[in-house]
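Okay, structure first, notes after.
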Amino acid sequence: MNKDKLNNAAEYALQALKNAGAEKAKATVFGGSTTEFNIDGGEFSLMRTIFNEGLGVDVITGGRKGAASTNAIDRESIDGVVADAMTAAESGEPDPAWDIAPYAEPRDFPGGVLEFDKDALFDAVRKLKDDIAKGWPNILIEQLIASYHRDYSVKMNSNGVCYTGESGRYEVGLMFSAHEGDKASSFFGSGVRFTDPTQPLIDMGSIRADLDAVAKQVDPRTFEGKFDGTLVLTPAMFGEFIYLAMGNFTSDGVIIEGTSPWKDKLGKQVADPRLNVRVAPLDPAIVCAERVTGDLFVSEDYDFIKDGVLQCFPLSLYASNKTGFDRAKNSSGALIVPAGDRSLDEIIAGIDKGLLLGRFSGGQPGTNGDFSGVAKNSFLIENGKVTDAVSEIMINGNLADVLMNLRGISRERVADGGTVLPYAAFDGVTVTGK
Amino acid sequence: MLNDIITPFRAGFASDAHTELRLHRNTRRGVALLSGSLVSNERTEHSGVSARVYRGGVYGLAADSGADPESITAVLKAADENARFMNSRAGRGKPALPALEGGSIDSAKPYDDVPQSVMIEFAKQLDDYIVKNCPKLTSRYVTVRCDSMEKLLRVDNGFDSHSLMPRSFIYLDFSAETDAGVTVELYDVTGGYGGFADNFTDPALLYPFVDRLYKRIMEKREGVYADAGERTCILGAEVAGILAHEAVGHTTEADLVLGGSVAGPNLHKRVASDKITLVDYAHTTPQGVAPLPIYVDDEGTPASDELIIDKGILVGYMNSRETAQHFGMTPHGNARAYSFMDEPLIRMRNTAILPGTDKLEDMIASVDDGYYFMTTNNGQADTTGEFMFGIPFGYEIKNGKLGRAILDTTITGVAFEMLKTADMVSDRMDWTCSGMCGKKQPMPVGMGGPDIRCRIMVGGR
């Protein structure tokens with residue numbers, strides 16, 4: 001990786017944009033490599049190495065915005081991208097909401113581990129494969145991808161902003177299912193981001209708990225009937241529900257359009273007072289998280305929901321200017337939810353009828369928050385105990401209502417390198433069997 | 001169009017391994033108007049070269065965004081080193097892949113890659129029509145999306161190829177409010193294979209498309225929630241297409257069979273009623289050129305059709321060269337890579353349930369109390385064949401007649417069980433190719449189907 005080449009490309013692109021008449025411009029250049037090992041159908045299958053570079057530019061001229069990107073950073077390619085972006089801008093409509101970040105001191109953001117230990121990663125993956133074969137003999141690894149990513153980026157704008165950063169990280173993601181004869185569970189995915197490949201992968205994130213759960217789902221029973229009950233979300237599912245709420249109720253489009261049911265809820269109660277959601281890429285548990293936002297502001301942690309009260313709409317600079325609300329202090333998905341005061345077992349012990357939800361197969365909820373989908377990799381909760389694995393069960397509810405109906409948050413939390421989340425239980429969800 | 005700078009490097013292929021060398025370029029163009037404001041206006045180019053080497057049952061791949069002689073030499077060397085590393089650590093001692101017949105196909109035809117201004121002007125004219133003719137909307141998106149994928153492939157055995165697949169689409173997303181102030185949404189897409197200029201010549205030609213979507217969302221404003229439970233329903237052609245792809249097609253991809261999919265123990269068994277036949281077409285369907293024609297895959301296998309379900313019996317899988325060797329089957333050209341850095345994976349091409357002999361009106365008349373599910377906005381399935389499709393639009397069927405529109409709902413089932421209940425299949429079918437299938441990598445795919453009467457679980461509220 002040639003940092004000088006990448007720095008020069010960014011400077012050249014920014015100057016070329018100015019020369020082409022850009023009033024405001026932004027150029028982001030990255031370069032890096034990825035090496036990965038793949039397992040397919042339980043067997044090692046592929047080693048892949050990728051060398052990639054890229055350039056993205058935004059231009060604002062006469063209040064009109066254009067953008068273009070490429071993964072070639074020779075001067076001819078940069079000239080082409082600049083011309084494309086300028087042409088795009090000239091074709092656009094003026095909108096005073098388009099803008100770029102103001103000047104700030106140049107900074108460098110190194111992070112992670114910059115030396116790739118190929119042998120250690122391969123050995124860690126082989127150990128994980130062996131651990132699974134010994135500890136969970138009915139589990140078949142459908143696919144596993146273990147990778148090391150190293151990249152360098154330089155981000156500049158015409159207000160003088162210049163941020164650089166070099167980082168390296170490891171990631172493992174695996175899909176697996178349980179099999180006994182012709183019986184099979186649904187597939188399930190688990191993953192972690194980390195910096196030390198000599199540590200046992202089986203103990204990272206929720207991998208062990210996920211294998212335990214799926215191994216018991218090989219012969220799920222169908223459930224007949226319908227009930228309104230409690231939904232207990234695994235940490236990963238809880239994260240998905242929070243992301244759904246952020247996207248559905250607070251993202252750029254719905255706030256600009258005013259179609260969000262939370263459009264008037266800033267500073268008001270949108271969830272149970274025990275719920276706190278922080279978006280915190282600077283938290284030490286987050287591996288190589290965002291340090292600079294997409295709009296080229298230095299990332300800061302922020303509270304999304306505090307004591308159940310909505311603290312902000314996580315908007316882009318454009319949407320912020322368009323609506324008058326503050327922009328988001330970071331554009332990462334680094335969710336941190338503080339632990340509750342009861343164990344998962346204590347929470348479940350108080351539930352008469354419910355569902356422990358491992359995965360949700362459903363579409364994006366409607367703008368009003370109604371959701372409907374299939375509960376996958378899930379267990380029934382009956383009379384305070386987790387009982388049978390179930391299949392062909394649908395769940396329905398309203399996302400905004402659910403967040404107000406919190407029953408409890410667990411003491412246990414899972415840190416997977418990207419988020420730190422507990423289990424959470426919510427009342428008022430309809431569960432329908434066959 | 002890509003210049004052939006890779007052929008001279010064929011001489012550098014390792015003589016004791018199978019090697020593929022691919023020059024690959026993806027483009028994307030996008031324009032989006034949100035209630036008249038231009039909120040997206042982007043052009044993207046993504047290209048590079050990759051090499052893949054097969055040794056002893058494992059692959060090594062290397063890719064570089066540079067596409068110069070130095071990069072090509074480097075990726076060939078790195079791919080072989082990766083293959084040797086994997087073979088030394090985790091080799092499976094497999095023999096070489098069976099040799100393929102050699103040849104060459106150049107199916108790449110240039111197209112007019114129009115500037116952003118053309119797409120923006122078209123979208124604005126369409127948006128003006130919407131403003132004038134759809135007064136009860138609360139929000140509207142007009143989105144233009146175009147992409148293309150060009151590949152130049154050289155292999156040590158099999159077919160060399162040069163292909164170019166452009167697609168262009170216009171999406172409309174409408175929002176409206178019910179009298180109670182609740183937002184309802186609906187979207188539709190039109191377009192297909194070809195560049196923007198091939199598919200969109202005059203905004204006025206799309207006015208009926210706008211009118212239909214507006215009529216539907218107005219009906220949906222007055223819509224009712226579907227009743228939950230298992231019912232006799234009719235899956236519209238669009239829904240049948242995604243069923244063919246998500247719930248059946250994926251389970252019959254041979255890599256997922258090796259990963260434990262439900263198709264493994266069901267080969268040569270009945271998995272559907274005898275009304276159901278499912279084919280993955282390569283480049284030509286009974287209706288003509290396939291929505292996304294594939295002539296050679298990215299392993300150099302010439303593409304031909306794959307019969308998957310024949311009158312209800314599961315008869316085949318989709319294969320790569322390696323899985324075909326494993327299962328003793330013939331590869332039909334399903335191994336495709338999305339970008340220069342990607343390895344070919346087993347992917348569907350143009351997957352469809354074939355039409356039957358029933359008339360749609362007879363099918364509707366045969367249902368006493370059910371639903372006609374017409375469109376889908378989301379589809380997921382797992383390797384057990386259990387599926388979930390979001391249904392943003394459809395109608396009640398009461399006493400053999402279409403009734404009120406329904407609000408968003410979800411349908412679910414287990415494909416190989418549900419398809420056994422298919423007892424009527426319409427004589428018409430629809431194709432779509434706007435989808436981007438996700439499986440480690442994205443991939444443009446075509447899918448199609450007829451209307452199907454069957455028993456299915458409905459989510460209701």
Side-chain angles (χ1 to χ4, degrees), chain A residues 40-41 43-54 65-72 81 84-85 87-93 95 122 126 140 142-143 145 177 179 182 184-187 226 253 256-257 259 361-364 366-368 370 372-374 376 391-392 394 396 430 432 434, chain B residues 34-35 37-38 41-48 58-65 78 82-83 85-86 89-90 92 115-117 120 138-139 175 182-185 228-230 255-256 258-260 262 265 341 343 377-378 380 382-384 386 388 390 408-410 412 414 440 457 459-461:
Chain A
D40 287 288
E43 302 288 344
F44 279 100
S45 58
L46 169 73
M47 177 177 175
R48 177 168 78 141
T49 306
I50 302 160
F51 302 96
N52 198 14
E53 297 170 333
K65 186 196 173 199
S69 65
T70 177
N71 70 336
V81 163
D84 279 348
T87 304
E90 286 156 8
S91 307
E93 292 291 307
D95 187 336
F122 184 88
R126 183 154 54 189
L140 174 60
E142 297 186 10
Q143 185 171 67
I145 301 169
S177 50
H179 298 263
D182 287 353
S185 73
S186 292
F187 64 72
K226 179 176 179 179
I256 290 173
E257 284 298 285
T259 53
S361 177
Q364 181 77 17
T367 302
N368 65 359
D370 282 350
S372 169
V374 182
K376 314 284 286 187
S391 66
E392 296 188 74
M394 304 193 75
N396 303 76
T430 303
T432 309
K434 287 201 87 162
Chain B
L34 169 57
S35 296
S37 294
L38 185 72
N41 183 14
E42 296 181 326
R43 296 176 75 83
T44 298
E45 313 280 334
H46 198 241
S47 63
V58 286
Y59 279 104
L61 184 146
D64 195 322
S65 55
N82 286 350
F85 178 89
M86 288 296 276
R89 297 292 190 96
R92 289 187 260 172
Q116 299 295 105
S117 55
I120 292 170
T138 54
S139 168
S175 298
V182 176
T183 297
V184 293
E185 298 153 303
E230 188 176 280
D255 51 349
L256 296 190
L258 289 169
V262 67
M341 65 176 70
E343 73 276 23
N377 58 0
N378 181 275
Q380 298 169 15
D382 76 29
T383 44
T384 61
E386 190 177 13
M388 181 292 306
D408 291 347
T409 191
T410 303
T412 183
V414 176
K440 189 179 180 188
M457 278 287 292
R461 185 177 194 183

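In what follows, every chain begins at residue 1, and chains take the letters A, B, ... in the order their sequences are listed.
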Donor-acceptor contact below 3.5 Å, side chain Arg89(B) vs main chain Arg126(A): no
Which atoms of [X] approach chain A - backbone, side chain, both or neither, heavy atom under 4.5 Å:
X	result
Ser37(B)	side chain
Thr384(B)	side chain
Ile120(B)	side chain
Asn378(B)	side chain
Asn377(B)	neither
Ala78(B)	neither

Check whether [X] gets within reach of chain B through its side chain, its backbone, both or neither, counting any heavy atom under 4.5 Å.
X	result
Glu257(A)	side chain
Ser361(A)	both
Asn52(A)	both
Ser391(A)	both
Ala85(A)	neither
Gln143(A)	side chain
Ala72(A)	neither
Ile50(A)	both

Are side-chain N/O atoms of Thr138(B) and Ser175(B) paired as donor and acceptor at under 3.5 Å?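 No.
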Side chains of Ser177(A) and His179(A): any donor to acceptor distance under 3.5 Å? yes
Before you tell me yes or no, could you show the steps for Asn82(B) and Thr49(A) under side-chain contact (heavy atoms from CB on, under 4.5 Å), namely the whole-Å CA-CA distance, both residues' side-chain angles and the distance that decides it to 0.1 Å? CA-CA 8 Å; Asn82(B) 286 350; Thr49(A) 306; 2.8 Å; yes
Contact winner vs chain A - [options], heavy-atom pairs under 4.5 Å:
options	result
Asn41(B), Thr183(B), Thr412(B)	Asn41(B)
Val184(B), Leu258(B), Leu61(B)	Leu61(B)
Glu343(B), Met86(B), Glu230(B), Gln116(B)	Met86(B)
Glu42(B), Met341(B), Met457(B)	Met341(B)

Holding to salt bridge (charged side-chain N to carboxylate O under 4.0 Å, His left out), I want the full list of residues that pass it with Glu45(B), two or more places apart in sequence or in another chain. Arg25(B), Arg29(B)
pair Ser47(B)-Asn71(A): side-chain heavy atoms closer than 4.5 Å: yes
Using every non-hydrogen atom in the two residues, find where [X] and [Y] come nearest and quote the distance to one decimal.
X	Y	result
Thr259(A)	Ser139(B)	CG2-CB, 4.4 Å
Thr432(A)	Ala228(B)	CG2-CB, 4.2 Å
Leu38(B)	Glu93(A)	CD2-N, 4.0 Å
Ala88(A)	Gly66(A)	CB-CA, 3.9 Å

Output the option from Ala184(A), Ala68(A), Gly54(A) having the highest count of non-hydrogen pairs under 4.5 Å with chain B. Ala68(A)
Please identify, among Ala89(A), Gly41(A), Ser185(A), Ser186(A), the residue contributing the most non-hydrogen atom pairs under 4.5 Å to chain B.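 Heavy-atom pair counts peak at Ser186(A).
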Could you go step by step and tell me if Arg92(B) and Ser45(A) meet the side-chain contact (heavy atoms from CB on, under 4.5 Å) rule? CA-CA 9 Å; Arg92(B) 289 187 260 172; Ser45(A) 58; 4.0 Å; yes
Using the ring of each side chain (for Trp, its six-membered ring), is Phe44(A) parallel, tilted or perpendicular to Phe122(A), with breaks at 30° and 60°? parallel
